[in-house]
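Have a look at the structure below, then the notes.
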Amino acid sequence: MCTFDKDKGPRRLMKKGLTLILVGHINFILGAIVHGNVLRHISKPSQHITTEYTAANIISVTSGLLSIATGIIAIVVSRNLHVLKLQIGLLITSSLNALLSAACCTGLLLAISVTVAHNGQGLMLGCNDTQVPINARSPVSAICPFDTTRIYDTTLAMWIPCAVLAAFEAGLSIWCFIVGLALRGLAPCGNSYIKEQV
């Protein structure tokens, strides 16, 4: 993993950077769609706030943006291997993105688990208050300020790819971090003598 040769390494780093940009854009768009279609209705201050959904969505969108920034820095570093500030920038952004993407994946998996375990009751908090608990999977009609026909399926259909993409972002960011360590000659990649090769 610490091997970064002078010939193929920059090309691999550029490919990883482009992949991070693409995955970051997709994750950002999916998070924005979930927020626009679902979460804006259930996270208003006048209604009950579902913290796990809102926090997971904000982290998802932020993770997408940071992945885009990390990908751009990785591409710039692949063309300017000697620049110290860019190497440090790659180390910082890739480490932050790896942590944020891991937190995003964990938060989304938690939100998916809570939603499935409670049959989407958290998604229906803004609906009418009856004595009968309303869940998103029941055929009972509810008086809601939003369309409830596909809220459960739409949310899960967006969250599952977001969680997978967040895990992929974390893996790519860890790879970029290790490349940054190799470029600086720091442990555990200090023995690769990349600084002398470049």
Side-chain angles (χ1 to χ4, degrees), residues 1-37 55-112 154-198:
M1 189 82 167
C2 287
T3 58
F4 185 83
D5 61 347
K6 188 176 178 181
D7 299 324
K8 295 181 182 177
R11 187 171 181 89
R12 287 184 188 143
L13 184 59
M14 181 179 286
K15 286 181 182 179
K16 302 293 186 197
L18 287 171
T19 306
L20 265 173
I21 291 172
L22 179 67
V23 170
H25 273 89
I26 294 170
N27 204 7
F28 177 77
I29 290 169
L30 287 176
I33 289 172
V34 169
H35 183 74
N37 286 339
N57 193 56
I58 290 171
I59 291 173
S60 176
V61 170
T62 308
S63 171
L65 289 174
L66 190 57
S67 292
I68 294 167
T70 303
I72 291 171
I73 291 174
I75 291 172
V76 173
V77 168
S78 71
R79 294 294 182 198
N80 303 298
L81 294 175
H82 303 301
V83 181
L84 173 66
K85 290 180 182 178
L86 290 175
Q87 293 171 357
I88 293 172
L90 181 65
L91 283 170
I92 292 171
T93 57
S94 61
S95 63
L96 288 176
N97 191 39
L99 292 173
L100 192 62
S101 295
C104 172
C105 184
T106 304
L108 286 171
L109 290 175
L110 175 69
I112 290 168
T154 302
T155 305
L156 290 181
M158 297 292 176
W159 273 344
I160 292 170
C162 278
V164 171
L165 290 174
F168 190 57
E169 286 174 0
L172 287 174
S173 297
I174 290 169
W175 188 88
C176 288
F177 180 74
I178 290 173
V179 166
L181 289 176
L183 287 173
R184 295 297 316 136
L186 299 173
C189 302
N191 296 331
S192 63
Y193 300 108
I194 188 65
K195 291 176 79 172
E196 286 80 10
Q197 289 181 11
V198 178

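Note that the coordinates shown come from a computational prediction; the quantities given were computed from them, not determined experimentally.
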Could you give all pairs that pass the side-chain hydrogen bond (donor to acceptor under 3.5 Å, both in side chains) test and reach residues 16-26, with sequence neighbours left out?
none
Supply the atom-to-atom distance Q87 CD to L81 CG, rounded to the nearest 0.5 angstrom.
7.5 Å
Under the rule for side-chain contact (heavy atoms from CB on, under 4.5 Å), what residues qualify as partners of S95, not counting sequence neighbours?
F177
Could you list the donor-acceptor pairs under 3.5 angstrom formed by side chains in residues 164-174, with sequence neighbours left out?
from: E169; atom 1: OE1; to: S63; atom 2: OG; distance (Å): 2.7
from: E169; atom 1: OE1; to: S67; atom 2: OG; distance (Å): 3.1
from: E169; atom 1: OE1; to: S101; atom 2: OG; distance (Å): 3.1
from: E169; atom 1: OE2; to: N27; atom 2: ND2; distance (Å): 3.2
from: E169; atom 1: OE2; to: S67; atom 2: OG; distance (Å): 3.4
from: S173; atom 1: OG; to: N97; atom 2: ND2; distance (Å): 2.6
from: S173; atom 1: OG; to: E169; atom 2: O; distance (Å): 2.8

Between CG on residue L181 and CG on residue L90, distance to nearest 0.5 Å:
9.0 Å
For I92, side-chain contact (heavy atoms from CB on, under 4.5 Å) partners two or more places apart:
I88, L96
What residues form a side-chain contact (heavy atoms from CB on, under 4.5 Å) with I29, not counting sequence neighbours?
I33
Rounded to the nearest 0.5 Å, the CG atom of L30 sits from the OG atom of S60 at a distance of 7.5 Å
Determine, stepwise, if the pair L100 / C104 fulfils side chain to side chain contact (heavy atoms under 4.5 Å, CB included).
CA-CA 6 Å; L100 192 62; C104 172; 5.7 Å; no
side-chain contact (heavy atoms from CB on, under 4.5 Å) against L110, all qualifying residues, sequence neighbours excluded:
V114
Between CD1 of I75 and CG of L13, what distance do you get to the nearest 0.5 Å?
8.5 Å
Measuring from atom CG of L20 to atom CG of L66, what distance do you get when rounded to the nearest 0.5 angstrom?
9.5 Å
So how far is it from I72 CD1 to L18 CG, rounded to the nearest 0.5 Å?
10.0 Å
